[in-house]
Chemist: 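Here it is: the structure, laid out below.
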Amino acid sequence: MAALAVRRADFLMTLAYATDLATGHTRDFALRSCVLAMRLAETAGLDEQMRRSVYHQALLRHVGCNADTHLLAAAFGNEIALHQDYALIDRGNIAEIRAMFARALTRTFPTMSPAEVDNAVAEARTVTVPVLAGCCEVAQMIAGRIGLSLEACENLGQPYERWDGLGLPLGLKGDAVRLPVRIVALAQDAVVLTEHHGFEEMIAIITKRSGSAYDPELANFFLAHAERLMVGIDGPVDRETILALEPLPHAVLGEDACEEAYLAIADMIDMRMPFTFGHSRAVAELAHAAGKHMGLPASDMRDVRWAGYTHDIGELAVPVATWMRAGALTQRETDEARLHPYHGERALASMGGEGKEVAALVLRHHEHLDGSGYHRYARGNDLSPAARVLAAAEAFQTAREARPHRAGLSDAAAAAKLRGAVKEGKLCAEAVEAVLTCAGQPARRATAERLAGLTPREIEVLRLIAAGHTAKEAARLLEIAPKTADNHIQNLYSKIGVTTRAGAALYALERGLVQQGIHAA
Ligand SMILES: [Fe+2]
Ligand SMILES: [Fe+2]
């Protein structure tokens with residue numbers, strides 16, 4: 001195989017697409033705000049290093065948004081709708097914040113009395129502040145894994161900070177909020193406000209928030225040039241435009257760095273819900289092993305592994321609250337869920353070269369040989385051996401994982417289910433047998449030296465909290481005192497260098513510590 005060379009910006013665009021889905025933004029929102037932020041940086045005459053920081057901040061500002069999403073969904077319901085509201089309000093205005101939470105609560109819990117809504121709104125901060133802290137920590141960890149500079153990572157720790165010190169979670173004020181962070185916050189608000197209220201109203205709102213949400217000097221500069229800066233900003237943005245905006249030198253990833261970038265995407269997807277922890281890694285490893293068993297060419301195995309890491313990226317378009325509900329989905333929810341391979345293909349297809357092959361596999365991961373799969377009802381002649389092995393690996397792994405509406409099957413029962421699907425003409429017999437033969441292979445496991453000197457007990461506690469258990473639940477499951485569990489958590493946080501549960505969960509995912517059978521749901 002020829003040596004691989006992929007622009008890192010391609011991975012940033014895929015992550016930007018994914019975060020647009022997860023936060024309910026419109027198509028290409030992050031790309032459009034990147035164009036605007038870079039125009040602003042260029043017009044202000046910022047140097048190359050500062051423009052690079054703006055570029056990274058614009059594309060990845062919300063990349064940590066999947067941290068602790070299940071907590072948001074449990075408290076406020078549809079977290080995507082909450083994100084949409086959050087993007088529009090003045091996030092330093094208590095009345096607007098309270099109104100946003102009240103809307104979410106009445107939408108989700110229609111039988112709640114006004115007094116109950118008031119109480120829940122008063123408690124909202126205790127849920128959201130730790131979640132936002134987790135989002136910031138996770139964003140920094142993901143950016144580090146795709147090789148961004150320390151400065152870019154640190155900027156991603158400030159996405160929700162404001163000029164007036166009323167931002168979260170740190171309450172940084174004035175220049176302590178870094179310039180690229182201030183530029184991107186203003187640019188993203190300008191794009192979203194224009195979409196919802198039109199240009200004139202956007203100008204009025206930015207003017208009103210100058211000096212509170214935004215650095216007044218920056219806001220004045222933007223307002224003075226707004227008409228020119230905003231030209232065409234509501235239109236689609238193509239890959240070439242974003243590639244051309246990256247300041248020199250352009251970052252290019254070789255095969256190993258691509259592998260790590262795809263893994264970072266897998267973890268970003270899987271950490272959204274406790275019951276999908278480790279799902280994408282497991283599918284990828286199983287599909288890769290089965291592909292090898294079947295004698296697929298090396299390039300196909302690489303594609304199938306990378307498609308395994310990313311196959312469910314399109315699921316981010318569906319609210320966590322929907323996936324977490326124990327009951328049946330409505331027809332509309334089912335239709336939305338069945339479109340996730342489409343969104344997945346779109347997220348990856350814009351990548352040049354290898355990305356197209358990966359996207360083609362992602363698009364087909366729920367298709368069946370007899371045309372009974374989804375969402376394109378493809379048939380056998382449209383399903384390559386690589387597509388068949390990915391579909392078989394995905395079906396086996398999903399069958400043995402628990403979901404809120406059903407228990408996970410034993411390996412034997414999952415194998416019987418897949419062989420039944422072969423008999424019905426849905427799955428490929430050779431691919432299924434290869435997957436089942438390989439299913440006993442151990443997943444990647446962490447070695448002791450990669451685990452920052454954690455004790456066996458601390459590793460047990462880490463696995464449990466990564467799977468969504470609270471400290472109290474971990475104490476009960478391990479039959480230790482809650483205070484002892486707390487001590488273990490504090491010790492392990494400081495050893496692995498994180499400060500939030502979400503950060504610890506991502507650390508556990510990265511090192512293959514999440515196993516089936518310990519999921520919280
Ligand atoms: Fe999946
Ligand atoms: Fe899927």
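First listed ligand is number 1; within each ligand, the first listed atom is number 1.
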Chemist: Do T128 and F76 make a side-chain contact, defined as non-hydrogen atoms from C-beta onward lying under 4.5 Å apart?
Modeler: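 Yes, at least one pair of side-chain atoms sits under 4.5 Å.
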Chemist: Taking NZ, NE, NH1 and NH2 as the nitrogens, is one of them in D270 or R281 under 4.0 Å from a carboxylate oxygen of the other?
Modeler: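 Answer for the salt bridge query: no.
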Chemist: Could you tell me whether the side chain of L31 reaches within less than 4.5 Å of the side chain of L59, counting heavy atoms only?
Modeler: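 Result yes, sub-4.5 Å side-chain heavy-atom pair found.
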Chemist: Which single N/O/S atom of D312 lies at minimum distance from the Fe ion (ligand 2)?
Modeler: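 It is OD1, the N, O or S atom of D312 closest to the Fe ion (ligand 2).
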Chemist: Taking both backbone and side chain into account, is any N, O or S atom of H365 nearer than 2.8 Å to the Fe ion (ligand 1)?
Modeler: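 H365 does not place any N, O or S atom closer than 2.8 Å to the Fe ion (ligand 1).
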Chemist: Indicate if the distance from the Fe ion (ligand 2) to the nearest N, O or S atom of E315 falls below 2.8 Å.
Modeler: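 Here the distance criterion (N, O or S atom, under 2.8 Å) is not met by E315, so no.
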Chemist: Under 2.8 Å from the Fe ion (ligand 2), is there any N, O or S atom belonging to H366?
Modeler: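 Given the 2.8 Å cut-off, H366 counts as a ligand of the Fe ion (ligand 2).
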Chemist: Of all the N, O or S atoms in E394, which has the shortest distance to the Fe ion (ligand 1)?
Modeler: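 Atom name of the closest N, O or S in E394: OE2.
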Chemist: For H279, what is the atom name of its N, O or S atom nearest to the Fe ion (ligand 1)?
Modeler: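 Output for this pair reads NE2.
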Chemist: Name the residue from E255, H288, E259 that meets the side chain to side chain donor-acceptor pair (under 3.5 Å) definition with R302.
Modeler: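 So, applying the side chain to side chain donor-acceptor pair (under 3.5 Å) to R302 and each of E255, H288, E259, only E255 qualifies.
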Chemist: Do H343 and H375 have their ring centres less than 6.0 Å from each other?
Modeler: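 So the answer is no for these two rings.
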